[in-house]
**Student:** 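Sharing a structure here in structure tokens format.
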There are 2 protein chains.
Amino acid sequence: MSTPPVSRRARPAKAPLSREVIVRTGLDILDRDGLDALTMRRVAKELDTGPASLYVYVANRDDLMAAMLDQALAPVPHTAPPAGTGWRERLHALMRAAIEAMSRHEGLAQVALGAIPTGDNALLVIDRMLALLKEGGLDDTTAAWAVDLLYLHAAAAAAEQSAYDTKAQDEQTAVAAADAHFAALPPDRYPMVTALRGPLFAPGDRDTWGIDVLINGILRTPAG
Amino acid sequence: MSTPPVSRRARPAKAPLSREVIVRTGLDILDRDGLDALTMRRVAKELDTGPASLYVYVANRDDLMAAMLDQALAPVPHTAPPAGTGWRERLHALMRAAIEAMSRHEGLAQVALGAIPTGDNALLVIDRMLALLKEGGLDDTTAAWAVDLLYLHAAAAAAEQSAYDTKAQDEQTAVAAADAHFAALPPDRYPMVTALRGPLFAPGDRDTWGIDVLINGILRTPAG
DNA sequence: GACCGAAGCGAACAGTGTTCGTTACGTACA
DNA sequence: TGTACGTAACGAACACTGTTCGCTTCGGTC
């Protein structure tokens with residue numbers, strides 16, 4: 001009528017909508033501007049369309065975030081294991097890669113904590129873990145329970161890390177603030193916390209240690 | 001003017017606003033109607049007031065949820081330990097109590113994953129944990145790192161459990177759905193997952209086992 | 001009896017996820 | 001060549017959300 005009949009896709013080479021391009025755009029926004037900026041409207045605007053158009057490819061925001069999580073996990077199963085090493089070192093590397101991948105995108109790890117993993121790449125990670133645990137000689141039940149525990153830990157460690165990375169400008173600041181808060185605590189009410197404030201806030205490779213604790217514990221704790 | 005000058009608090013024995021009553025009301029709503037129902041407007045309505053009034057006692061929604069978490073943790077430090085038992089059993093009981101307390105209220109455990117604990121009751125829990133770990137003969141650094149790991153696990157385990165409790169009507173249904181999904185997976189792509197589907201979905205006391213794994217691992221993995 | 005700090009609150013702002021009904025398109029077929 | 005069709009895309013709207021501003025009203029103090 002009043003508007004001239006221009007093609008909807010008149011602009012040069014505008015990529016068509018698809019689930020994958022939506023997921024990728026979501027990850028872009030998440031990395032660039034954080035979790036609060038990840039709205040359906042923002043994703044739509046980035047793709048030069050309206051929010052309603054996204055719902056053809058994505059059931060809702062939760063579905064989008066689940067897909068983003070799986071996309072983020074994609075490189076993990078293909079992490080090159082340190083050559084010529086045993087199952088323990090390879091499992092360790094896999095765990096580190098999973099934590100790293102999830103913690104790199106704010107808020108995605110929380111998604112993993114809320115649902116049994118069913119995504120393609122999450123299942124591949126779990127499959128690799130199971131293979132390594134079996135290689136380590138564990139019986140089926142212990143291996144099954146262990147992979148649950150390991151995956152849970154990976155998600156939790158990533159959630160914690162990404163929260164500190166983004167909420168405060170850097171982890172240093174957040175820890176320093178908490179340290180100061182602990183310093184002001186009454187020792188009669190919190191004797192151990194105040195006494196051990198030094199070690200509690202001392203730097204150190206806790207991620208590596210945590211994974212070692214889990215593997216050592218799993219090896220010495222048969223299920224059932 | 002037009003409205004008669006009735007006392008704002010004319011109704012019989014209406015409780016005055018306070019941080020504590022707001023927190024308690026929030027927990028009530030959370031337990032009764034779930035996380036989605038926990039809005040500032042809903043809390044205000046329950047207290048027969050407007051949303052603006054809450055901000056005198058609560059900085060924002062996150063602050064409210066943090067306070068709710070700490071309130072939920074209140075009974076944990078006072079869990080009666082099984083009489084005449086060693087530090088290991090008491091630590092185990094403390095962990096179970098913490099997981100239980102956090103998982104009883106949907107979404108609260110996620111709060112614990114996002115911040116270094118500074119609440120009164122959370123710190124008491126941590127203090128108890130540290131005391132028990134020291135009683136177990138651990139050095140200061142290992143005890144400090146261990147309490148980090150234990151608290152993280154408690155929050156994660158609670159988050160996972162409460163998600164399953166509420167998203168599906170009950171855990172049984174959610175697990176059954178995931179089991180069916182796993183059954184349809186191609187074995188050539190996920191050999192271990194499909195092979196171990198039985199043990200993966202078999203029932204069993206994984207919470208207890210998980211805590212045992214952590215304690216065993218901590219005892220055999222000195223920090224640093 | 002006048003005053004005053006603060007608690008309480010009505011209304012509004014700037015957004016949110018999601019759905020409805022309609023439009024415009026590429027394709028398949030006559 | 002012309003037309004019908006399934007569906008992707010979309011504009012507008014709905015029913016909310018957290019939070020803030022500035023006004024009103026209260027209880028307690030000089």
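Numbered from 1 within each chain, the chains take letters A, B, ... in sequence-line order.
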**Student:** Heavy-atom distance under 4.5 Å between the side chains of B:Asp33 and B:Arg42, does that happen here?
**Tutor:**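 They are in contact (side-chain heavy atoms under 4.5 Å apart), so the answer is yes.
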**Student:** Rounded to whole angstrom units, what separation is found between the CG atom of A:Asp63 and the C1' atom of C:dT19?
**Tutor:**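 In whole Å, C:dT19 C1' lies 17 Å from A:Asp63 CG.
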**Student:** To check you understand the geometry: which heavy-atom pair defines the closest contact between B:Thr194 and B:Leu185, and what is its length?
**Tutor:**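 That closest heavy-atom pairing would be CG2-O, 3.7 Å.
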**Student:** Any chance the side chains of A:Asp120 and B:Tyr190 put a donor and an acceptor closer than 3.5 Å?
**Tutor:**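 The criterion, which ignores hydrogens and geometry beyond distance, is satisfied for B:Tyr190 and A:Asp120.
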**Student:** Just how far, in rounded Å, is C1' of D:dT19 from CG of B:Leu64?
**Tutor:**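 Checked: the CG to C1' distance equals 14 Å.
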**Student:** Rounding to a whole Å, what distance do you find between A:Arg42:CZ and C:dT18:C1'?
**Tutor:**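 Interatomic distance, CZ of A:Arg42 to C1' of C:dT18: 20 Å.
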**Student:** Starting at atom CG of B:Leu54, determine the distance to atom C1' of D:dT20, rounded to an integer number of angstrom.
**Tutor:**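 To the nearest whole Å, that distance equals 13 Å.
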**Student:** Given D:dC21, D:dA8, C:dT18, which nucleotide is nearest the side-chain atoms of A:Asn60?
**Tutor:**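 Out of D:dC21, D:dA8, C:dT18, the nucleotide with an atom closest to A:Asn60's side chain is C:dT18.
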**Student:** Please state how far atom CE in A:Met40 lies from atom P in C:dG15, giving the value in whole angstrom units.
**Tutor:**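 Value for this atom pair: 18 Å.
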**Student:** Map A:Arg41 and B:Asp36 onto DNA chain D by nearest heavy atom, then report which one ends up closer to the 5' terminus.
**Tutor:**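 That would be A:Arg41.
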**Student:** Would you kindly give the OH-to-P distance between B:Tyr57 and D:dT19, to the nearest whole Å?
**Tutor:**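 Nearest whole value for this atom pair: 18 Å.
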**Student:** Please confirm whether the shortest side-chain N or O distance from B:Thr49 to OP1 or OP2 of C:dG8 is below 4.0 Å.
**Tutor:**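 It does not, given that no N or O in the side chain of B:Thr49 lies less than 4.0 Å from OP1 or OP2 of C:dG8.
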**Student:** To the nearest angstrom, how far is B:Lys45 atom NZ from C:dG10 atom P?
**Tutor:**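 Computing the B:Lys45:NZ to C:dG10:P distance gives 13 Å.
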**Student:** Answer yes or no: does a side-chain N or O of B:Ser53 lie under 4.0 Å from OP1 or OP2 of C:dG8?
**Tutor:**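 No, B:Ser53 has no side-chain N/O under 4.0 Å of OP1/OP2 on C:dG8.
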**Student:** If you assign each of A:Ala52 and A:Val56 to its closest nucleotide in DNA chain D, which residue comes earlier from the 5' end?
**Tutor:**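 Residue closer to the 5' terminus by nearest nucleotide: A:Val56.
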**Student:** Whole angstroms only, please: what is the CZ-C1' distance between A:Arg61 and C:dT19?
**Tutor:**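 Spelled out: CZ on A:Arg61 to C1' on C:dT19 is 18 Å.
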**Student:** On the nucleotide C:dG17, are OP1 or OP2 found under 4.0 Å from the side-chain N or O atoms that A:Tyr55 carries?
**Tutor:**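 For C:dG17, OP1/OP2 do not have a side-chain N/O of A:Tyr55 under 4.0 Å.
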**Student:** Of all heavy-atom pairs between A:His78 and A:Ala74, which one has the smallest distance, and what is that distance?
**Tutor:**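 That would be ND1-O, 3.3 Å.
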**Student:** Here's a test for you: under side chain to side chain contact (heavy atoms under 4.5 Å, CB included), which of A:Leu108, A:Asn121, A:Leu124 qualifies with A:Asp70?
**Tutor:**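 Result for side chain to side chain contact (heavy atoms under 4.5 Å, CB included) with A:Asp70: A:Asn121.
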